[in-house]
Amino acid sequence: MQKFIASVASRLVIAVPYFWLLIFFLIPFIIVFKISLSEVAMSIPPYAPAFDLSAGWQGLKDSFGQFSWDNYIWLVEDPLYYKAYLSSLLIAAVSTVLTLIVGYPIAYGMARAPATIRPTLLMLVILPFWTSFLIRVYAWIGILKPEGLLNQFLMWAHVIDTPLNILNTNTAIFIGIVYSYLPFLILPIYSALEKMDYSLVEAAEDLGCPPILAFWKITFRLSMPGVIAGCFLVFIPAVGEFVIPDLLGGSQTLMIGKTLWSEFFSNRDWPVSSAVAVVLLLLLIVPIVLFQRAEARAQESEK
Amino acid sequence: MKSLGSFRRKFAPWNDPEAKPFIAIENVTKKFADFTAVDDLSLNIYNREFFALLGASGCGKSTLLRMLAGFEEPTAGRILLDGQDMRGIPPYKRPVNMMFQSYALFPHMTVEGNIAFGLKQDGMQKGDIEARVGEMLKLVKLERFAKRKPHQLSGGQRQRVALARAVAKRPKVLLLDEPLGALDKKLREETQFELMDLQMKLGLTFVVVTHDQEEAMTMADRIAVMDKGKVMQVATPAEVYEAPNSKFVADFIGNVNMFEGTAAAVANGKIDIAVEPENFTIRTDALKSCAVGQPVGFAIRPEKIRISRKQPADPSINSAHGEMWDIAYFGDMTVFHVKLESGRIIKAASLNAVRTVEDPLGYDDMVWVNFDTDAGIVLTS
């Protein structure tokens with residue numbers, strides 16, 4: 001009896017996260033997917049067919065018959081969408097590389113700092129989370145705008161004569177994404193570097209490796225799992241980012257998050273915006289799954 | 001002619017005034033902030049020597065090794081390697097390789113990759129690298145494990161990979177930081193002899209850092225006993241054990257019974273010592289110049305003390321009466337703890353050379369501890 005309870009309990013513990021994913025991920029996804037196969041309608045909700053349980057089994061069957069892939073065909077036909085996808089991927093990729101360039105040295109510095117001050121440094125990295133994300137992005141408007149802090153400072157220092165036009169450009173989006181997602185990149189790299197035995201680098205130098213090469217062949221190579229995890233944590237949300245391009249980017253900036261928002265709120269075209277969301281999800285999930293499989297296989301062969 | 005202990009090979013360049021030291025450490029000091037790790041230390045190490053730096057943790061032995069490798073620069077003084085001043089030469093340009101205490105094997109490379117790493121840095125030809133790696137694998141008997149990753153090896157195998165990697169480049173000097181520290185006792189004993197064989201075969205100079213005196217005594221041609229950043233004595237294992245130059249060395253190496261007293265009589269170079277608080281006199285034939293009344297120490301190893309039920313008839317033999325207090329039986333030998341009337345405990349070790357003993361000594365037996373006049377060491381510092 002005790003064994004039975006224990007086995008049920010252990011299954012329950014495993015079941016909880018699956019249950020969570022089912023309710024808050026899979027079911028909403030199915031609903032979105034279903035809407036993406038529907039048509040726009042002047043009704044509440046603004047699409048058809050809507051499931052009507054009062055129509056009974058036959059009614060349900062009929063509404064299944066009305067599903068179509070038209071919205072997906074529409075996405076392919078209108079260049080606006082794939083341009084927005086491509087531009088989002090590009091902006092996210094550039095931002096990820098920039099974040100890595102800024103974040104890696106910080107993570108490295110933290111990992112090599114005396115053990116006594118590391119918790120403080122970690123605290124400083126996490127500290128911005130105590131303020132709302134939205135407010136922090138708004139604050140960048142104040143810094144980057146033509147009469148903002150940055151331009152005032154540069155003109156006061158006589159570096160420039162006329163204000164730089166940064167706000168409402170892609171540069172502003174890059175700055176915003178790098179700033180906002182930096183901690184997500186620093187933390188996994190820091191944890192990979194902190195675990196590393198520094199005598200490995202000394203061994204490489206002892207065997208004739210100049211410091212820069214030793215860093216590349218040993219330190220950077222061994223921090224790769226952290227680098228990959230950190231890059232995913234920046235790249236994935238950056239692709240679908242809406243707030244930063246909306247507040248800092250210009251009207252000409254094409255990002256899929258913004259496109260989705262305007263389809264949903266301005267056009268009230270729920271089916272098309274659902275299709276946009278489903279494609280975005282597939283675009284991100286498929287490569288990640290493939291990559292993780294390859295990683296797992298590589299690790300398996302190492303063992 | 002009598003000599004101290006046993007000696008392994010006729011190799012003693014340090015006694016040859018003509019011999020040039022291979023590594024000359026000249027008045028080297030290393031300070032970290034206000035802590036002096038190595039204090040005005042000078043040492044000569046000769047070509048093909050197996051040299052051990054022995055000391056407790058924090059004595060500066062590892063810092064000295066790291067200065068030889070180039071990871072630390074001396075605050076003062078200089079290090080010459082084969083006549084060349086090493087100041088300012090970074091680790092990757094020194095003809096010296098190190099075997100790290102943690103082995104520091106690259107976890108993302110195979111055994112082969114680890115051994116080939118240093119050779120690749122030198123821009124060696126691919127074919128030559130393969131040949132050298134094969135040779136090294138054979139040397140440490142790991143041919144079958146060439147494609148394994150370090151985490152798939154046992155501790156002993158990892159140790160051998162680290163060794164092969166460190167000697168693959170044929171360095172002039174191999175530095176070993178606690179090379180056997182992570183191995184269990186049995187494996188450690190085997191590996192000691194493997195290391196000695198390897199050193200002979202390759203004809204390299206080995207400098208090993210260890211806190212394990214047995215390890216140092218077994219392997220090294222000479223030992224430098226270190227304390228607080230200074231070298232206390234540099235000598236062969238037998239000299240360090242049988243003729244320590246100070247109370248510190250006598251106490252640090254092996255077991256010892258230590259007496260404090262004053263020189264009571266000095267005649268024909270022989271010193272009699274009046275020992276406090278027992279008020280008995282130890283007769284020695286130590287040849288040391290020393291004034292009457294000068295405080296001196298007397299150190300005697302347990303295995304040089306005999307135990308008998310009767311006082312020895314020969315009056316020239318030192319003896320003291322006491323009670324059998326404790327008996328530690330180790331199988332191969334037994335250590336008796338005899339309590340003198342003053343309360344002092346004397347340790348006496350005897351080899352169990354035969355299996356059966358008539359009338360064995362037991363607790364509370366009244367016994368005499370006795371030793372010859374040349375059995376102990378008179379120490380003036």
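Chain naming here is simple, since letters A, B, ... match the order of the sequence lines and numbering starts at 1 in each.
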Inset, instruction - Can you establish whether the number of heavy atoms outside A/Ile23 located under 6.0 Å from its atom CD1 is more than 12? - result: yes

Inset, instruction - List the steps, then state whether side chain to side chain contact (heavy atoms under 4.5 Å, CB included) holds for B/Tyr103 with A/Asp197. - result: CA-CA 11 Å; B/Tyr103 307 148; A/Asp197 177 6; over 6 Å; no

Inset, instruction - Answer with side chain, backbone, both or neither: which region of B/Arg148 has an atom nearer than 4.5 Å to a non-hydrogen atom of chain A? - result: neither

Legend entry - Nearest heavy-atom neighbours spanning B/Lys169 and A/Leu207: NZ-O, 2.9 Å

Inset, instruction - Check whether A/Ala214 gets within reach of chain B through its side chain, its backbone, both or neither, counting any heavy atom under 4.5 Å. - result: neither

Inset, instruction - Please say whether more than 12 non-hydrogen atoms of neighbouring residues, nucleotides or ligands are located less than 6.0 Å from CZ in A/Phe4. - result: no

Inset, instruction - Would you mind checking which part of B/Met99 comes under 4.5 Å of any heavy atom in chain A, side chain (CB onward), backbone (N, CA, C, O), both or neither? - result: neither

Legend entry - For B/Phe100 against A/Ala203, the heavy-atom pair lying closest together: CE1-CA, 3.4 Å

Inset, instruction - Decide if atom OH of A/Tyr198 counts as having more than 12 heavy atoms of other residues, nucleotides or ligands within a radius under 6.0 Å. - result: yes

Inset, instruction - Check whether any side-chain heavy atom of B/Met98 lies under 4.5 Å from a side-chain heavy atom of A/Glu202, and answer yes or no. - result: no

Legend entry - Geometric cation-pi criterion, A/Lys217 with B/Phe106: 6.0 Å, 45°: no

Inset, instruction - Assess whether atom CZ of A/Phe133 is packed by more than 12 heavy atoms of other residues, nucleotides or ligands within 6.0 Å. - result: yes

Inset, instruction - Side chain from CB out, backbone as N, CA, C, O: work out which of these in B/Leu105 comes under 4.5 Å of a heavy atom of chain A, or both, or neither. - result: backbone

Inset, instruction - Report the C-alpha distance between A/Asp206 and B/Tyr92 in whole Å, list the side-chain angles of each, state the deciding distance to 0.1 Å, and finish with yes or no for side chain to side chain contact (heavy atoms under 4.5 Å, CB included). - result: CA-CA 5 Å; A/Asp206 186 63; B/Tyr92 59 94; over 6 Å; no

Inset, instruction - Report yes if some heavy atom in the side chain of B/Pro107 is under 4.5 Å from a heavy atom in the side chain of A/Leu200; otherwise report no. - result: yes

Legend entry - Gap between atom CD of B/Gln121 and atom CD of A/Glu205 - 0.5 Å precision: 11.0 Å

